[in-house]
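Heavy-atom basis, side chains included; hydrogens, waters and symmetry copies ignored. Ligands are counted one by one from 1 in listed order, and the atoms in each one are counted from 1 as well. Numbers here simply count residues along the sequence, with the first being 1.
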Amino acid sequence: MATDKKGLVFDIEEFGIYDGPGIRTVVFLKGCPLRCMWCQNPEGWHNYPERMVSSRCIHCGTCKRVCPHPDKCVACGTCLPYCPVNAISIAGEYLTSSELAEKILANAQLLKLNGGGVTFTGGECLIQTPFVLEVRNKLQGIHCAIETSGYADSQTFTAMIKAMDLVMFDIKQTDPVIHRKYIGEDNIQIHENLRILMQSGVPFIIRIPLIPGVNDTDENFRMTAEWIKDAKNLMYVEMLPYNRSAGAKYKMLGLEYKPTFDEKAEPKINTAFFEKYGIKVKVM
Ligand code: SF4
Ligand code: SF4
């Protein structure tokens, strides 16, 4: 009997144009083992639903009065319709693979006509690999991509990339010590998975978020180019300058955005180390 696994999704963006070729449905999956200091989607960190309260809140206290779980919010959503200013939302909805596939297939013609498809991202989509693979099986004929930090065991990573038409792989920092400082873990496993990707034949794009003072150094650009220079299946490199509104959602989750790098500085852009090896770079 065909299985119908459940996954936890915190957003589905339709008609996306930044996460892979053409027009795409972008599926944001909850759960991430990393904590990039510049993360702009903190609602993607935990693998359980969470309540978010926007700045529209007028502190009327109604949600507290109707809450059946006064000791600890369990994101049940009971308070949501009582809020007079619609300030409450729940990040994270459980969907079966059939339900998610059905939503994606509703736009199948449009995605195909525009050379697009679906991109699974997060959070870190590798956390929900069995679910993503099941959805992927239900999307025959649709171009499927993942956008990933590459942080997972090699078996999981290999299973995921083999099922994809395209992999967008982040290289945030090549130095393992700096990587751990700003991202929460070192990059040893990420580098190992990059090697697997380079051998796999699956087309891939490298994405580099440009964070001022963290990874926009000549040494990091040089090492990144060294890591990928021999890949036959590399399409190009994308550089994504730091998004100054990255901290916007933290307060909604009761968190504080605390970057220790200079948010106001312009990130340095140097494409020369890549061009030296004939690698095309797109600055987004
Ligand atoms: S989402 Fe549920 S548990 Fe959380 S505050 Fe609202 S009613 Fe209470
Ligand atoms: S979230 Fe809505 S219901 Fe709760 S205190 Fe704020 S305004 Fe009132």
Side-chain angles (χ1 to χ4, degrees), residues 3-16 19 25-104 106 118-132 134-135 146-149 151 183-185 242-259 263:
T3 57
D4 205 9
K5 292 186 173 59
K6 275 191 177 177
L8 186 57
V9 173
F10 70 91
D11 200 7
I12 299 175
E13 182 190 315
E14 290 185 328
F15 317 123
D19 295 291
T25 300
V26 185
V27 179
F28 295 80
L29 293 140
K30 234 164 137 28
C32 182
L34 303 180
R35 290 292 178 271
C36 301
M37 195 179 270
W38 50 89
C39 179
Q40 55 191 14
N41 291 325
E43 76 275 37
W45 290 348
H46 298 120
N47 60 353
Y48 49 80
E50 288 168 277
R51 188 178 90 134
M52 296 178 83
V53 179
S54 80
S55 57
R56 283 197 299 272
C57 172
I58 52 169
H59 307 283
C60 68
T62 307
C63 53
K64 270 198 184 141
R65 285 194 288 279
V66 299
C67 177
H69 305 278
D71 295 336
K72 190 175 188 301
C73 176
V74 295
C76 67
T78 304
C79 59
L80 201 143
Y82 292 95
C83 176
V85 289
N86 288 327
I88 306 169
S89 58
I90 303 295
E93 182 188 6
Y94 287 102
L95 293 173
T96 65
S97 62
S98 302
E99 286 167 338
L100 180 53
E102 201 177 309
K103 279 178 196 277
I104 295 165
V118 57
T119 300
F120 299 97
T121 182
E124 172 48 66
C125 60
L126 291 167
I127 288 272
Q128 299 193 50
T129 294
F131 172 69
V132 173
E134 199 172 277
V135 178
I146 55 166
E147 197 275 312
T148 178
S149 68
Y151 191 79
I183 292 153
E185 300 288 345
Y242 173 67
N243 173 6
R244 290 210 179 110
S245 58
K249 295 184 195 162
Y250 284 66
K251 221 173 160 192
M252 296 170 79
L253 289 157
L255 301 170
E256 202 184 335
Y257 184 58
K258 294 186 289 191
E263 269 201 280

Subset of ligand 1 atoms that lie under 4.0 Å from at least one heavy atom of [X]:
X     : value
Cys76 : 1 (S), 2 (Fe), 3 (S), 7 (S)
Cys79 : 1 (S), 5 (S), 6 (Fe), 7 (S)
Arg51 : 1 (S), 4 (Fe), 5 (S), 6 (Fe)

Considering all heavy atoms, the nearest Leu8-Gly92 contact = CD1-C, 3.6 Å

Could you tell me which non-hydrogen atom of Cys60 sits nearest to which non-hydrogen atom of Arg65, and how far apart they are?
-> O-NH2, 3.5 Å

Would Pro68 count as a contact of ligand 1 if the rule is a heavy atom under 4.0 Å away?
-> yes

Examine ligand 1 and decide if any of its atoms is less than 4.0 Å from a heavy atom belonging to Cys63.
-> no

Report yes if the side chains of [X] and [Y] come closer than 4.5 Å at any heavy-atom pair, otherwise no.
X      : Y      : value
Glu263 : Tyr257 : yes
Tyr151 : Ile183 : no
Leu95  : Lys103 : yes
Ile127 : Cys32  : no

The reported gap from OH in Tyr94 to CZ in Phe131 (rounded to nearest 0.5 angstrom) is 11.5 Å

NZ on Lys64 to SG on Cys79, rounded to 0.5 Å | 11.5 Å

List every atom of ligand 2 that sits less than 4.0 Å from any heavy atom of [X], numbering the atoms from 1 in the order shown and giving each element.
X     : value
Val85 : 7 (S)
Gly61 : 5 (S), 8 (Fe)
His59 : 5 (S), 6 (Fe)

May I have the step-by-step check of side-chain hydrogen bond (donor to acceptor under 3.5 Å, both in side chains) for Ser149 and Glu124, ending in yes or no?
-> CA-CA 7 Å; Ser149 68; Glu124 172 48 66; 2.7 Å; yes

Under the side chain to side chain contact (heavy atoms under 4.5 Å, CB included) criterion, do Val132 and Val27 qualify, and how do the steps go?
-> CA-CA 10 Å; Val132 173; Val27 179; over 6 Å; no

What protein heavy atom sits nearest [atom], and how far away is it?
atom                    : value
atom 2 (Fe) of ligand 2 : Cys83 SG, 2.3 Å
atom 3 (S) of ligand 1  : Val74 N, 3.3 Å
atom 4 (Fe) of ligand 1 : Cys73 SG, 2.4 Å
atom 6 (Fe) of ligand 2 : Cys57 SG, 2.4 Å
atom 7 (S) of ligand 2  : Ile58 N, 3.4 Å
atom 8 (Fe) of ligand 2 : Cys60 SG, 2.4 Å
atom 1 (S) of ligand 2  : Ile88 CG1, 3.6 Å

Are any N, O or S atoms from Cys67 nearer to atom 8 (Fe) of ligand 1 than 2.8 Å?
-> yes

Could you go through the side chain to side chain contact (heavy atoms under 4.5 Å, CB included) check for Val53 and Lys251 one step at a time?
-> CA-CA 8 Å; Val53 179; Lys251 221 173 160 192; over 6 Å; no

Have a look at ligand 2 and work out which part of Lys64, if any, has a heavy atom under 4.0 Å from it: side chain, backbone, both or neither.
-> neither

